[in-house]
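By convention in this document, chain letters (A, B, ...) are assigned in the order of the sequence lines, proteins followed by strands, and residues within each chain are numbered from 1.
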Protein chains: 2
Amino acid sequence: MTVPTSAAPPVSAAVSAGAPSGRAVRLSDLVGYHLRRASVFDLNGAVAALEPEGLRPVPMSVLQSIVEQPGISAAEVCRALGMQRANIVPVLADLDRRGFFLREADPADNRIQRLFPTRRGLEEAQRALARVAAHEARMLARLSPAERAELRRLLGLIWKTDSPDGADTPDG
Amino acid sequence: MTVPTSAAPPVSAAVSAGAPSGRAVRLSDLVGYHLRRASVFDLNGAVAALEPEGLRPVPMSVLQSIVEQPGISAAEVCRALGMQRANIVPVLADLDRRGFFLREADPADNRIQRLFPTRRGLEEAQRALARVAAHEARMLARLSPAERAELRRLLGLIWKTDSPDGADTPDG
DNA sequence: GTGATAATGCTATACACCATAACAGTCAAT
DNA sequence: ATTGACTGTTATGGTGTATAGCATTATCAC
């Protein structure tokens, strides 16, 4: 843990807690570092929480999107979740195989399939969301309700762009 | 965008902004959802910012760890960054090939290699960190300094466990 | 000492996730 | 009528990470 014989003086002696005046000097000064660590931590917990339902975070989000917006198309789900059209195909195939939603041809546009949740899909989405919510309750136990809301707000400020479609790349 | 003919009533009518009384009802009520979206958004920007340096986020973090704690071992870097020992090998091989650090045998333990940054490594780490910091400045432009510090604090509360080694899984 | 346990650095490998390119079918606009 | 754009889809490659196992070395109990 400690630096051995010929070690250089500790660089971290320069700064204490937050990023100082100008730029970051330590890895832990970067918001992105904590963002990544927290996201991975949460994702692992979410995967474990969803495991009894046989769902992964992405399929759960897709199903939830269909439940929240019945009649949504696959492409619209992709734009809403920031994923690629090609990658939703196997996800929908699995959710379809399990009877969680139905595909209905759009009467006005033959390219589009409208997705509607089934009864089973509604129930599964509710169960899955409850499990993830329970995981979050444990994860955020040290945060007050106000702090959780503030965290959601600050995170939303980061990734939600002004354009309706959330582009996953900054510096557009 | 809008739901066609036989659409069900909008589920989102139940709640407004934050998570209501008990559990989440929408995907956007989950902190983890915003955490993921924000993390992906940041990661894309960090990758783009580091591209001129020929570094990726993980190698950059490894190099930065060596710079911040000269004499650290590979296993210690892995524990600090929450990565697997097996996965740091090619990362160190590349950083070594580029002459960013030196391996020095620990005089007290022949298993351990102590890692020390070279002059080139120090400069590269400084350049890389500056680029990432510049990316973050753009990404967090809408947040006040106080909000950025608060965000760092709240994120740290999520993933930093009580144990010195940050385990990336909740519900231990 | 000797044996059991554990840690380090490393190899090989497999899986999950995401991105890109391309395609046919359909729609809209000029 | 042709061009361009969108949808769903297939195929494919790259990346990040996790797992299993190995030889070497250190530590601890006996």
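A straight line from CD1 of Ile72(A) to P of dT7(D) spans 12 Å, rounded to a whole angstrom. Between Ile88(A) atom CD1 and dT7(D) atom C1' the separation is 12 Å, expressed in whole Å. One interatomic measurement links the two molecules: CD of Glu51(B) to P of dT15(D), which rounds to 12 Å at whole-angstrom precision. Atom CG of Leu95(A) is separated from atom P of dG8(D) by 15 Å (rounded to the nearest Å). dA16(C) atom P lies 20 Å from atom CE of Met60(A), rounded to whole Å. Spacing between atom CG of Leu50(A) and atom P of dC17(C) amounts to 12 Å, rounded to whole angstrom units. Distance CE (Met83(B)) to P (dG16(D)): 10 Å, rounded to an integer number of Å. Rounded to a whole Å, the CG atom of Leu43(B) is 13 Å from the C1' atom of dT17(D).
OP1 or OP2 of dA26(D) lies within a sub-4.0 Å distance of a side-chain N or O belonging to Asn110(B). OP1 or OP2 of dA18(D) sits under 4.0 Å from a side-chain N or O of Gln84(B).
In this structure, Glu76(A) pairs ionically with Arg114(A), as a charged nitrogen and a carboxylate oxygen lie closer than 4.0 Å. Using a 4.0 Å cut-off between charged side-chain N and carboxylate O, Arg131(B) and Glu53(B) make a salt bridge.
Under the 3.5 Å distance criterion, the side-chain polar atoms of His135(A) are matched with a main-chain donor or acceptor of Asp42(A). Looking at Arg152(A), its side chain does come within 3.5 Å of a backbone N or O of Asp29(B) through a donor-acceptor pair.
Once rounded to the nearest 0.5 Å, the distance linking CE of Met60(A) with OG of Ser65(A) reads 9.5 Å.
With sequence neighbours left out, the side chain to side chain contact (heavy atoms under 4.5 Å, CB included) criterion links Glu123(B) to Arg119(B), Arg127(B). Judged as a side chain to side chain contact (heavy atoms under 4.5 Å, CB included), and not counting sequence neighbours, the contacts of Val47(B) are Arg56(B), Pro57(B). With sequence neighbours left out, Arg148(B) forms a salt bridge (charged side-chain N to carboxylate O under 4.0 Å, His left out) with no residue at all. By the salt bridge (charged side-chain N to carboxylate O under 4.0 Å, His left out) test, Glu147(B) is found to be paired with Arg153(A), residues two or more places apart in sequence or in another chain being considered.
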Per-nucleotide protein contact along nucleotides 1-12 of chain C, 5' to 3', at a 4.0 Å heavy-atom cut-off (B base, S sugar-phosphate only, - neither), is ------BBBSBB
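Note on the helix from dG1(C)-dC30(D) to dT30(C)-dA1(D): terminal axis deviation equals 30°, with five pairs used at each end and the result rounded to 10°.
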